[in-house]
Amino acid sequence: MPAPPCTSCHAARAALRRPHSGHALCGACFCATFEAEVLHTVLAGRLLPPGAVVAVGASGGKDSTVLAHVLRELAPRLDISLQLVAVDEGIGGYRDAALAAVRRQAARWELPLTIVAYADLFGGWTMDAVARSTAGSGRSRSCCTFCGVLRRRALEEGARLVGATHIVTGHNADDMAETVLMNFLRGDTGRLARGGGLGSPGEGGALPRCRPLQFASQKEVVLYAHFRRLDYFSEECVYAPEAFRGHARDLLKLLEAARPSAVLDLVHSAERLALAPAALPPRPGACSRCGALASRALCQACALLDGLNRGRPRLAIGKGRRGLDEEGAPRDRARPPASEAIPAF
């Protein structure tokens with residue numbers, strides 16, 4: 001049976017049927033619609049004001065590649081300028097290939113690229129070194145905890161280095177739904193309380209962050225990359241199979257098979273969630289060591305690095321946080337233990 005005509009242009013044959021709407025679109029109309037929806041998300045959410053210097057978290061993967069390409073197309077209408085900022089976590093056999101993809105993108109799109117490295121920012125620590133340090137601690141799954149926290153800090157430092165006023169990351173709807181599930185499964189009310197919206201406003205001196213692809217499904221991100229013939233790196237991080245996020249991802253796939261709208265339903269649930277006052281996290285202050293936003297005496301990044309430098313990588317992770325509290329940082333029983341952070345891009 002031949003493909004039906006595109007329901008938008010009525011000329012070309014449809015190349016896909018959109019998962020959430022069922023509309024049959026040709027490749028060109030789908031890409032135009034996808035870009036228009038991202039533009040609507042940015043404008044309706046007032047995410048990027050005219051004149052903004054935007055640091056795009058560039059990992060070389062599909063999400064950040066699609067985000068950079070779409071924002072480059074929309075930049076004249078939004079009156080923004082773009083800077084690619086990539087983070088070298090120090091993962092042998094993985095990050096070098098991903099950074100090569102980022103360099104190709106920067107050259108092809110004529111966008112400035114800045115690369116910041118964990119080793120330079122965090123006293124020589126790389127993710128491979130962190131993995132070796134935690135290998136005998138019984139916390140092999142903690143690699144993603146360290147990486148999520150440190151990558152967020154590294155992206156902030158890179159954005160400031162290029163004079164950015166805003167940071168954008170490539171989280172799509174599936175990423176956000178997985179995070180909501182993870183927080184529910186762990187009973188992490190602090191992160192549930194902060195999980196709604198399209199980003200953070202930049203409190204405590206941090207740069208504002210947003211997620212223009214938050215309502216775009218992973219399937220459509222991949223389709224957009226396919227139709228635009230984008231060059232991206234597609235291998236999974238070598239430490240990802242140990243992460244708790246993988247279990248949430250498998251559960252989400254089962255839910256989506258039974259209810260196709262499950263992904264966006266979870267994303268919107270996080271936006272509308274209201275917690276009892278007693279469950280809300282404490283108002284953040286400033287880290288006593290680096291000045292970054294923190295809910296304790298030390299921010300999460302400094303606490304994790306402190307544990308590594310002391311040879312006690314469990315500090316600030318789960319029950320190991322008690323060791324840090326006993327050695328100088330005030331304890332806060334209302335705040336849940338640190339956990340795998342949302343990846344920065």
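- To the nearest 0.5 Å, atoms CD (Gln300) and CG (Leu305) are separated by 11.0 Å.
- The residues Asp175 and Arg211 are annotated as not salt-bridged, no charged nitrogen and carboxylate oxygen being separated by less than 4.0 angstrom.
- Note that CE of Met127 and OG of Ser133 are 10.5 Å apart. Values are rounded to the nearest 0.5 Å.
- Annotation for Glu235: atom CD does not count as buried by contact number, only 12 or fewer foreign heavy atoms lying within 6.0 Å.
- At a cut-off of 3.5 Å, with distance as the only test, no side-chain donor of Arg95 or Ser59 sits close to an acceptor on the other residue.
- Residues Leu78 and Leu39 have side chains in contact (heavy-atom distance under 4.5 Å, counting atoms from C-beta outward).
- Neither Val267 nor Val222 shares a network with the other; the hydrophobic side chains, linked directly or stepwise wherever heavy atoms of I, L, V, M, F, W or Y lie under 4.5 Å apart, form separate groups for each.
- By the criterion of side-chain heavy atoms lying less than 4.5 angstrom apart, applied directly or through intervening Ile, Leu, Val, Met, Phe, Trp or Tyr residues, Tyr118 is grouped together with Val238 in one hydrophobic cluster.
- Between Phe34 and Phe30, the ring planes lie tilted relative to each other; the angle falls in the 30° to 60° range.
- Side-chain contact between Pro4 and Arg17 is present, with heavy atoms from C-beta onward closer than 4.5 Å.
- Considering CD of Gln214 and OG1 of Thr169, their distance stands at 9.0 Å, rounded to 0.5 Å.
- Ala216 approaches Val221 most closely through the heavy-atom pair CB-CG2, 4.2 Å.
- The two residues Glu220 and Arg18 have their closest heavy-atom pair at OE1-NH2, 2.7 Å.
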Just do the side-chain contact (heavy atoms from CB on, under 4.5 Å) check on Asp174 and Ser217 with the steps written out, would you? CA-CA 6 Å; Asp174 293 64; Ser217 71; 3.9 Å; yes
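- For the pair Glu35 and Tyr224, the minimum side-chain heavy-atom distance is below 4.5 Å.
- Using a 4.0 Å cut-off between a side-chain N of Lys or Arg and a carboxylate O of Asp or Glu, Glu256 and Lys219 qualify as a salt bridge.
- At a threshold of 4.5 Å between non-hydrogen side-chain atoms, the residues Cys210 and His166 do not count as touching.
- Not one N or O on the side chain of Thr126 forms a donor-acceptor pair closer than 3.5 Å with the backbone of Ala119.
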Decide side-chain contact (heavy atoms from CB on, under 4.5 Å) for Cys237 and Ile91; before the verdict, give the C-alpha distance in whole Å, the side-chain angles of both, and the deciding distance to 0.1 Å. CA-CA 8 Å; Cys237 174; Ile91 303 175; 3.8 Å; yes
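- Using a 4.5 Å cut-off between side-chain heavy atoms of Ile, Leu, Val, Met, Phe, Trp and Tyr, with links allowed through other members, Leu121 and Val149 fall into the same hydrophobic cluster.
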Audit row: Ser288, Leu298, side-chain contact (heavy atoms from CB on, under 4.5 Å) steps and yes/no: CA-CA 6 Å; Ser288 61; Leu298 292 182; 3.6 Å; yes
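- Annotation: the span from Ser64 atom OG to His69 atom NE2 amounts to 13.0 Å, rounded to 0.5 Å.
- One hydrophobic cluster, built from ILVMFWY side chains closer than 4.5 Å, holds both Phe227 and Leu67.
- Residues passing the side-chain hydrogen bond (donor to acceptor under 3.5 Å, both in side chains) test with Arg259, sequence neighbours excluded: Ser261, Asp265.
- Counting all heavy atoms, side chain and backbone alike, Ala159 lies closest to Ala55 at CB-CB, 3.7 Å.
- Looking only at distances, a side-chain donor or acceptor of Thr165 sits under 3.5 Å from a matching main-chain atom of Val53.
- A donor-acceptor contact shorter than 3.5 Å is absent between the side chain of Asp306 and the backbone of Cys302.
- Side-chain contact between Trp109 and Leu82 is absent, with no heavy-atom pair separated by less than 4.5 Å.
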Pair Met182-Phe244, side-chain contact (heavy atoms from CB on, under 4.5 Å): steps then yes or no: CA-CA 8 Å; Met182 289 166 61; Phe244 180 57; 4.2 Å; yes
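- Between Cys144 and Tyr239, the shortest heavy-atom contact is SG-O, 4.2 Å.
- The shortest heavy-atom contact between Leu213 and Asp63 is CD1-O, 3.7 Å.
- Applying the side chain to side chain contact (heavy atoms under 4.5 Å, CB included) criterion to Leu255, with sequence neighbours excluded, gives Leu181, Leu251, Ala262.
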Please list every donor-acceptor pair under 3.5 Å in which a side-chain atom of residues 98-107 meets a protein atom from a residue at least two apart or in another chain.
residue : atom : partner : partner atom : Å
Arg104  : NE   : Asp231  : OD2          : 2.6
Arg104  : NH2  : Asp231  : OD1          : 3.3
Arg104  : NH2  : Asp231  : OD2          : 3.2
Gln105  : NE2  : Thr65   : OG1          : 2.7
Gln105  : NE2  : Asp231  : O            : 3.0

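- Within a 6.0 Å radius of CZ in Arg108, other residues, nucleotides and ligands contribute more than 12 heavy atoms.
- In this structure the side chain of Arg153 reaches within 4.5 angstrom of the side chain of Cys290, judged on heavy atoms.
- Taking the side chain as every heavy atom from C-beta outward, Leu155 and Ile167 approach each other to under 4.5 Å.
- To the nearest 0.5 angstrom, Phe146 atom CZ is 4.5 Å from Leu308 atom CG.
- Between the CZ atom in Arg249 and the NE2 atom in His247 there is a gap of 11.0 Å [rounded to 0.5 Å].
- In this structure the side chain of Val66 never reaches within 4.5 angstrom of the side chain of Tyr232, judged on heavy atoms.
- Taking the charged nitrogens against the carboxylate oxygens, Glu156 and Arg160 do have a contact shorter than 4.0 Å, which makes a salt bridge.
- What you find for Pro49 and Ile80 is that their closest heavy atoms are O-CG2, 3.8 Å.
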